[in-house]
Amino acid sequence: MYTKQKSYICVAYTKQVKKMDQELIKQIIGENQEFVQNVKLLQRPFKFEDNGNYVFLGIRRAGKSYLMFQRIHELMERGTAIEEILYLNFEDERFIGLKSEDLDDIKRVYEETFSFRPIFFLDEIQIVPGWEKFVRRLADKNYRVFVTGSNAKMLSSEIATTLGGRFLIQNVYPFSFKEFLNFEGLELKPNWLYTPGIRNGVVRSFDTYFYYGGFPELLSFEDKRSWLSGLYQKIFFGDLVARYSLRNSDSMRLLVKKMAENVMQPSSYNRLKNIVSSAGESVGVRTIIDYVGYLQETWLIFSLENYAARFAERESNRKYYFMDNGILNLFIFRPETLLLENLVAITLHRQFGEKLYFYNQNIEVDFYMPEESWLIQASYNISDVQTFEREVNGLVKAAKFLNAERLQIVTRNDERVVEKDGLSIEVLPVWKWLIQIGNCLLYTSPSPR
């Protein structure tokens, strides 16, 4: 069972007691060492640099902590003693008030207790003010350090300057479809497409993945919608309302809903303001700009620029997608068309990052990767003649203008090759496309945009 467990670390820290209790720290260190070595893991396809220090970033419950646990298990298999592991989880409410100097106390107690040089694993470190200076100092002294965080603001220009090239930055997503299939026990051997049992299992599993997304913990729950709703409430109240001290949470709640309903449409800040205001919540453009930034910083959404737009317009008129289909599906009725485009966007974004665009200038194409000379339309159903012609003609016109060589239409079930004006367009069902494209679990990027 892929169940995320919590590690609780008690800290005796009050206004009257300025130092943490050393015996309690020792007990906590021991408890965490016992915890991490007993975590049950599903290996994710990530190769750690032997001498690398890492910052793992991503939406809550994407699996950042489990990548640290995976590394701990790898080190132990190579002979690292559990006593060399110092794992701290800062999400426990008993860490409220913790300061960066308290991290020094924990380090000192550890080194007075053990004869080993610790390897630091610091979970949700952004909770501790000044954390970046502490971990930079560790790196400067050649300690190995692994850090997780669920807020992209961790990589503000000031913090990034402090880290100064000492850390490898990795974004973490929920399961890809291949990982999802692995969890379901479906091994895709070379001839899997021609093995009815495996092929049918893949198609059935895709339905779950399509509607509920790929959060690892989710797979252990029957009532997936309730789990997703609980996760969203945690993100909304904990990472948005509380962290940014939002006075009007109703406006933010309405903005999220309206962005979900308009996933496929380019949206300027002014358009979003008008949409929210028309629903009864009066907000200004400046508030919308701030709110959209908060949503991106908490990894709830990401955005794409219009490749055809002038530089000044790229920032203010973007397409916004949700980081996981399951979260998006909480907000929309008859969601299939939106979910398909959102899933294609997630898959491409995790692989190409900021090198992924949409194209809109008299011609509309959903996704464009200029370095790959690759254009993609996402269309749930192209059986209608008008829809088919619109998608095909858009690809052909854009391909000729951009000199693109690879053209695809990703659909729910259709599969064929379309020849048009000397160009070949590959039409693929989304479940097969997800497998064919391959899966890049993580990529290096300074922001979720």
Side-chain angles (χ1 to χ4, degrees), residues 7 9 11 13 18-20 22 24-26 28-33 35-37 46 48-58 64-76 78-92 95 97-172 442 444 446:
S7 173
I9 301 176
V11 177
Y13 186 93
K18 297 297 183 182
K19 292 292 183 180
M20 292 181 288
Q22 294 190 16
L24 183 56
I25 292 173
K26 294 177 185 179
I28 292 163
I29 291 171
E31 290 175 354
N32 282 283
Q33 289 171 342
F35 164 70
V36 297
Q37 64 183 324
F46 180 74
F48 290 91
E49 295 282 349
D50 284 340
N51 297 315
N53 298 314
Y54 284 88
V55 177
F56 294 116
L57 299 172
K64 303 181 298 294
S65 300
Y66 274 81
L67 276 176
M68 292 208 304
F69 300 153
Q70 183 170 316
R71 184 55 174 166
I72 290 171
H73 284 223
E74 289 176 1
L75 292 172
M76 290 173 60
R78 297 181 186 180
T80 298
I82 188 60
E83 290 79 12
E84 297 178 69
I85 303 300
L86 179 54
Y87 169 76
L88 304 174
N89 184 337
F90 296 100
E91 280 209 301
D92 187 276
F95 264 131
L98 197 73
K99 300 179 181 178
S100 58
E101 53 263 34
D102 298 319
L103 299 175
D104 268 324
D105 288 340
I106 295 174
K107 175 178 177 293
R108 177 179 52 78
V109 171
Y110 174 93
E111 292 179 334
E112 289 175 356
T113 304
F114 299 98
S115 58
F116 294 103
R117 184 180 178 86
I119 303 172
F120 287 84
F121 293 87
L122 308 174
D123 214 347
E124 298 292 352
I125 188 65
Q126 82 278 350
I127 293 172
V128 183
W131 66 270
E132 67 276 8
K133 295 178 181 178
F134 174 74
V135 301
R136 171 60 192 251
R137 179 156 45 86
L138 291 177
D140 286 343
K141 294 181 178 180
N142 295 318
Y143 287 90
R144 292 274 74 80
V145 187
F146 297 80
V147 170
T148 76
S150 56
N151 192 306
K153 204 170 184 178
M154 286 179 67
L155 289 184
S156 64
S157 57
E158 181 180 351
I159 292 177
T161 299
T162 301
L163 297 182
R166 288 288 192 177
F167 287 80
L168 300 172
I169 311 303
Q170 299 289 348
N171 293 352
V172 182
L442 309 161
T444 301

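Model, not experiment: these values are computed from the prediction.
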Could you please spell out the steps behind the side-chain contact (heavy atoms from CB on, under 4.5 Å) verdict for Phe146 and Ile119? CA-CA 8 Å; Phe146 297 80; Ile119 303 172; 4.0 Å; yes
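- At least one donor-acceptor pair closer than 3.5 Å links the side chain of Asp102 to the backbone N or O of Lys99.
- In this structure the side chain of Ile72 never reaches within 4.5 angstrom of the side chain of Gln37, judged on heavy atoms.
- Comment: Asp50 engages Arg78 in a salt bridge, judged by a side-chain N to carboxylate O separation of less than 4.0 angstrom.
- Pro118 places a side-chain heavy atom less than 4.5 Å from the side chain of Glu111.
- Inter-residue side-chain proximity for Ile125 and Met154 is flagged as met; some heavy-atom pair is nearer than 4.5 Å.
- In this structure, the side chain of Lys26 does not engage the main chain of Tyr110 through any donor-acceptor pair within 3.5 Å.
- Minimum heavy-atom separation, Ser100 to Pro129: CB-O, 3.5 Å.
- The CG atom of Asp105 lies 9.0 Å from the CG atom of Leu98; values are rounded to the nearest 0.5 Å.
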side-chain contact (heavy atoms from CB on, under 4.5 Å) between Val172 and Leu57, intermediate numbers included: CA-CA 6 Å; Val172 182; Leu57 299 172; over 6 Å; no
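- The side chain to side chain donor-acceptor pair (under 3.5 Å) search around Arg117 returns none, not counting sequence neighbours.
- Between Leu88 and Asp123, every side-chain heavy-atom pair lies at or beyond the 4.5 Å cut-off.
- Between the side chain of His73 and the backbone N or O of Met68 there is no donor-acceptor pair closer than 3.5 Å.
- Not one N or O on the side chain of Glu112 forms a donor-acceptor pair closer than 3.5 Å with the backbone of Val109.
- Residues satisfying the salt bridge (charged side-chain N to carboxylate O under 4.0 Å, His left out) test with Glu83, not counting sequence neighbours, are none.
- Summarising the geometry, atom OG1 belonging to Thr113 is positioned 9.5 Å from atom CZ belonging to Arg108; distances are rounded to the nearest 0.5 Å.
- Note: Ser150 OG to Gln126 CD = 4.5 Å, rounded to the nearest 0.5 Å.
- The CD1 atom of Ile82 sits 9.5 Å away from atom CZ of Phe114, with the distance rounded to the nearest 0.5 Å.
- At least one side-chain heavy atom of Leu103 sits less than 4.5 Å from a side-chain heavy atom of Phe90.
- Atom-to-atom distance recorded for Phe120:CZ and Phe134:CZ is 5.0 Å, nearest 0.5 angstrom.
- Between Phe48 and Tyr54, the distance from one ring center to the other falls under 6.0 angstrom.
- No side-chain donor-acceptor contact under 3.5 Å links Glu124 and Thr148.
- When side chains are defined from C-beta on, Ile85 counts as touching Phe121, because their heavy atoms get closer than 4.5 Å.
- Inter-residue side-chain proximity for Leu122 and Trp131 is flagged as unmet; no heavy-atom pair is nearer than 4.5 Å.
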Check the pair Leu86 / Gln33 against side-chain contact (heavy atoms from CB on, under 4.5 Å), numbers first and verdict last. CA-CA 7 Å; Leu86 179 54; Gln33 289 171 342; over 6 Å; no
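- Taking the ring centroids of Tyr87 and Phe69, they lie under the 6.0 Å cut-off.
- Counting only heavy atoms from C-beta outward, the side chains of Leu168 and Val55 never approach each other to under 4.5 Å.
- Residue Glu84 holds its CD atom at 8.5 Å from OG of Ser115, rounded to the nearest 0.5 Å.
- Screening Arg136, Arg144, Arg166 for a side-chain hydrogen bond (donor to acceptor under 3.5 Å, both in side chains) involving Asn53 leaves a single residue, Arg144.
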